[in-house]
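Written below as structure tokens is the structure these notes are about.
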Protein chains: 2
Amino acid sequence: MARALSVVGDRWTLLVVREAFLGTCRFDEFCHNVGAARHIIANRLAALVEADILQRVPLAPESRRQSYELTPKGRDLLPVVISLLQWGEKWAGPQLASPLRFLHEDGGTVTPELICDTCQSPTHPADLHPAFLPPASPA
Amino acid sequence: MARALSVVGDRWTLLVVREAFLGTCRFDEFCHNVGAARHIIANRLAALVEADILQRVPLAPESRRQSYELTPKGRDLLPVVISLLQWGEKWAGPQLASPLRFLHEDGGTVTPELICDTCQSPTHPADLHPAFLPPASPA
DNA sequence: CAGTATCCTCGAGGATACTG
DNA sequence: CAGTATCCTCGAGGATACTG
């Protein structure tokens, strides 16, 4: 987890990732929507490309224009983003005018749950306790 | 989400919260396990108490000794911590000797899932798209 | 449009020592 | 044990202007 945080653990990086989930893909859009200085955004985007969370896709052969898109590794951050989002909406102040949700194909909203691998049902955080598992022994 | 990140969005804070989930509750334990300078830990613990994520519980009447414990708001961060943990283990390098898991009462490990509120089944991040919902209209 | 360059400030955070 | 105090450095990041 320390390593996960060393990649996405600063104020701007996760905001950039969230923007990418919202469909933002151009440099100036990131600058405008995230609201940080240009070289900060340039720096974060480069770091995220380096970390294989975003990838640059050229938009036209002879142009410098390009699109920043989430890689599979990046898309896998969605549960983190959604968990944080929901926690923020639940606890961090009065609800926003238009809360952000992620919708399934059938139009349903999505809720993050912690599913028990044994009983297959959603669990409550208070019912869980930490453990360090031994590495899976090769059979 | 920006507000959520303004509370827990720095390198140390989430590590402190994770420590708390692991059962750490004493000042010197946090210093040792998190590995940051003492005044940083003091600062983060105070901020987390201020944000109602941790609470101080006196251990003895005439002593300064106290225990830092997660509040309900703090315990609600578990999905964020677990999502980050799993993402880190999946993507951020070779697996650790003893991966950290959270266990349910029946001993089962727990997996973060995004459950569709309509079809009730786990979804894949690639099948989701963002939307800003209008605020619930009062009936 | 997609950056790079430059300047400047201030706060984060390490190291170390001290305190009731 | 649970902090506070002090000193010091360096990098984060805002503002602004420039470039192909």
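When reading the values below, keep in mind they use all heavy atoms of this one structure, side chains included, and skip hydrogens, waters and symmetry mates. Worth saying up front: this structure is predicted, and the values here are computed from it rather than measured. A note on names: the letters A, B, ... follow the listed sequences, proteins ahead of strands, and every chain is numbered from 1.
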Separation of H32(B) atom NE2 from dG3(D) atom C1', in whole Å?
-> 18 Å
Touch check for R65(A), heavy atoms < 4.0 angstrom, all strands: base, sugar-phosphate only, or nothing?
-> sugar-phosphate
Minimum-distance pair of heavy atoms, taken over all atoms of L78(B) and F21(B) = N-CZ, 3.5 Å
Could you check how far CG of L59(A) sits from P of dG3(C), rounded to whole Å?
-> 11 Å
Close side-chain approach of R101(A) and I82(A), heavy atoms under 4.5 Å = no
Taking only N/O atoms, report every protein-nucleotides 14-17 of chain C pair under 3.5 Å with atom names and distance.
residue, atom, partner, partner atom, Å
dG14(C), OP2, A37(B), N, 3.0

Check the distance between dG11(D)'s C1' and R44(A)'s CZ and give it to me in whole angstrom.
-> 11 Å
Roughly, in whole Å, what's the span from CD1 in I41(A) to C1' in dA12(D)?
-> 13 Å
Spell out, yes or no, whether L103(B) and V110(B) are grouped together once hydrophobic residues are joined by side-chain heavy atoms under 4.5 Å, including indirect joins.
-> no
For R56(B) and dG3(D), what is the distance between atoms CZ and C1' respectively, to the nearest whole Å?
-> 10 Å
Treat each ILVMFWY residue as a node, draw an edge where side-chain heavy atoms are under 4.5 Å apart, and state whether F132(B) and V34(A) are in one component.
-> yes
Hey, can you pull the donor-acceptor pairs under 3.5 Å for the side chains in residues 43-54 of chain B, sequence neighbours left out?
residue, atom, partner, partner atom, Å
R44(B), NE, D10(B), OD2, 3.1
R44(B), NE, T13(B), OG1, 3.4
R44(B), NH2, D10(B), OD2, 2.8

To the nearest angstrom, how far is F27(A) atom CZ from dA2(C) atom P?
-> 8 Å
Close side-chain approach of F27(B) to Q66(B), heavy-atom, < 4.5 Å | no
Judged by atom type as modelled, is there a donor-acceptor pair below 3.5 Å linking the side chain of T24(A) to the main-chain atoms of F30(A)?
-> no
Give a yes/no on whether any side-chain N or O of Y68(A) is located under 4.0 angstrom from OP1 or OP2 of dG3(C).
-> yes
Does W87(A) reach the main-chain N or O of K73(B) with its side chain, forming a donor-acceptor pair under 3.5 Å?
-> yes
Rounded to whole angstrom units, what separation is found between the CZ atom of R64(B) and the P atom of dC1(D)?
-> 13 Å
Whole-Å distance, N33(A) CG to dC1(C) P, equals 12 Å
In dot-bracket form, how is DNA chain C paired, counting a Watson-Crick or G-U wobble pair only if both its distances are under 3.5 Å and using | for bases paired to another strand?
-> ||||||||||||||||||||
What residues 16-26 of chain A contributes to the DNA chain D interface at heavy-atom separation below 4.0 Å is none
Fellow cluster residues of I115(A), listed by chain then number, with links counted only when side-chain atoms sit under 4.5 Å apart = I115(B)
Check the side chains of Y68(A) and R26(A) for a donor-acceptor pair under 3.5 angstrom, ignoring hydrogens and angles.
-> no
Partner residues of E105(B) under the side-chain hydrogen bond (donor to acceptor under 3.5 Å, both in side chains) criterion, sequence neighbours left out = none
